[in-house]
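Worksheet for the structure shown next.
One-based numbering, in listed order, for ligands and for the atoms of each.
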Amino acid sequence: MNCAMRCFLALILPASALLATDPTEPSLREAAGGRFDIGFGSELPTPARAALVAHHGNSLTTENSLKFHMLRPTEHEWKWDKADALIDFAVKGKLEIVGHTLVWCYQMPKWVTAKIASGELDKAAALRLQDEHIRTVLARHGDRIGTWDVVNEALADDGDYLRDDPWSTLCGEDYIIEAFRSARAAAPQARLLYNDFNLEAPAKRARLFRLLGRLEAEGLRPDGIGLQGHYSLTSPSVAGIEAAIEEIHAAGYPVHFTELDISVYKRAAGADLERREYRPDSDPGYAVLPDDLHEALAGRYADLFRLFVRQADKIERVTFWNVDDGTSWLNNWPLKGRPDHPLLFDRQQKPKPAFHAVLRELTGNAETSNESP
Ligand code: XIL
């Protein structure tokens with residue numbers, strides 16, 4: 001629809017009629033009924049996406065705008081405009097905000113990685129920089145953001161303990177411990193999370209428990225663990241996810257599903273940003289999702305939400321990573337430009353069969369009404 005047409009319709013129709021989200025459509029947040037929060041990871045949304053978030057969610061995670069490289073692209077320059085605008089939007093909409101993320105080995109600004117590579121930044125200077133970063137971000141937004149992903153993706157998928165990256169090579173596990181120390185000092189009341197992917201794999205979970213043991217010994221116990229939830233149609237298994245929920249909860253940590261999406265393409269689970277893949281020109285992906293994949297996606301979401309409902313006492317929040325298929329980061333990862341369809345809403349923000357499958361699980365109508373809408 002062009003701009004003139006939108007303006008004309010805006011004069012003759014109520015605002016809600018211009019938005020894809022139907023206000024009479026059942027709300028996921030209401031269907032979840034307080035058992036866990038429903039969230040979306042997003043940049044500042046378009047009006048249509050904002051309506052969807054407001055209707056279905058009560059929580060918003062800052063997708064990119066609070067990341068180090070966004071806030072401090074050069075050493076002497078802090079850029080707050082994007083984060084401020086997004087946080088204003090969330091506050092006005094009475095959404096609980098999750099600040100993502102204070103420390104992450106990826107998406108570090110180039111000036112920091114250059115300083116590490118040149119040897120200009122030694123461990124003590126790196127930890128000072130990290131502390132300054134965390135305190136600066138929390139001084140600005142600590143009063144409006146109640147939950148923080150303090151450290152993201154520090155653990156190795158293979159190998160011994162920590163992910164092999166320049167930051168951990170320089171600082172070892174101390175950077176994680178010091179990050180929690182800085183965050184706790186700067187925002188004593190905040191809910192501080194450790195966030196990672198592949199924690200459904202027992203070997204990676206063992207590394208998590210090793211890290212949590214170190215944090216506990218320092219009196220820096222996180223307030224919860226974030227399981228990202230970047231899943232495929234088949235992996236990881238529901239049993240594997242359930243074991244992760246149960247073990248993490250048994251260790252005394254509430255579970256947050258922080259970045260849920262289900263790619264319709266075959267790939268290993270997880271979200272290692274470095275693992276980009278080559279796409280032959282002969283494989284354009286699905287511009288439109290075929291019916292059988294709609295069905296498979298709905299079935300997989302149903303399985304997951306059946307699990308979430310069953311384990312709701314251990315789960316604080318389920319956040320979808322992005323609002324609809326049009327904004328999904330999976331359209332550019334692991335293959336740039338391949339359209340993916342991993343969410344409950346399509347590119348026009350219309351609910352997909354997967355949405356109705358989730359709704360049925362949340363409302364307990366799964367057995368009685370299995371037909372596709
Ligand atoms: C992604 C964003 O969605 C993209 O827009 C960005 O280009 C790359 O990062 N795990 C995380 C998130 O913790 O921060 C990542 O977000 C997705 C994987």
Original post:
Looking at K352 and D325, does any basic side-chain N land under 4.0 Å from a carboxylate oxygen?
Top reply: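 Salt bridge between K352 and D325, a charged N being under 4.0 Å from a carboxylate O: yes.
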Original post:
Can D131 and R128 be counted as an ion pair, charged N to O under 4.0 angstrom?
Top reply: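 Between R128 and D131 there is no salt bridge, as every charged N stays at least 4.0 Å from the carboxylate O atoms.
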Original post:
Does any N/O atom on N322 come nearer than 3.5 Å to any N/O atom on ligand 1?
Top reply: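 So ligand 1 has no N or O lying under 3.5 Å from an N or O of N322.
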**OP:** May I ask you to check if ligand 1 and N195 share an N or O to N or O distance below 3.5 Å?
**Re:**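 No: no nitrogen or oxygen of N195 is under 3.5 Å from one in ligand 1.
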**OP:** Can you run down the ring pair (Phe, Tyr, Trp, His ring centres under 6.0 Å) pairs that involve residues 37-71, sequence neighbours left out, and say none if there aren't any?
**Re:**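 Matches after skipping sequence neighbours: F40-F320, H56-F345, H56-F355, F68-H133.
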Which atoms of ligand 1 have any heavy atom of [X] under 4.0 Å away?
X: H230; answer: 10 (N), 18 (C)
X: N152; answer: 11 (C), 13 (O)
X: H100; answer: 11 (C), 12 (C), 13 (O), 14 (O)

**OP:** Could you verify whether a donor N or O on one side chain and an acceptor N or O on the other, from W329 and D261, lie under 3.5 Å apart?
**Re:**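 A pair is found: one side chain offers a donor N or O, the other an acceptor, under 3.5 Å apart.
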Subject >> Selection residues 86-98 - residue pairs positive for side-chain hydrogen bond (donor to acceptor under 3.5 Å, both in side chains), sequence neighbours left out >> reply: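 Found D88-R144.
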**OP:** Select one of side chain, backbone, both or neither to describe which atoms of N64 lie under 4.0 Å from any atom of ligand 1, heavy atoms only.
**Re:**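 It is the side chain that touches ligand 1; the backbone stays farther off.
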**OP:** Identify which of W333, W321, W329 has a heavy atom lying nearest to atom 16 (O) of ligand 1.
**Re:**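 Closest candidate by heavy-atom distance is W321.
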Original post:
Between the candidates K67, E153, E43, which shows the shortest non-hydrogen contact distance to atom 15 (C) of ligand 1?
Top reply: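 Looking at heavy atoms only, K67 sits closest to atom 15 (C) of ligand 1.
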Original post:
Under a heavy-atom criterion of less than 4.0 Å, does W104 contact ligand 1?
Top reply: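 Yes; W104 lies near enough to ligand 1 that a heavy-atom distance drops under 4.0 Å.
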**OP:** Determine whether more than 12 heavy atoms belonging to other residues, nucleotides or ligands lie under 6.0 Å from atom NZ of K123.
**Re:**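 More than 12 heavy atoms, drawn from other residues, nucleotides or ligands, come within 6.0 Å of this atom.
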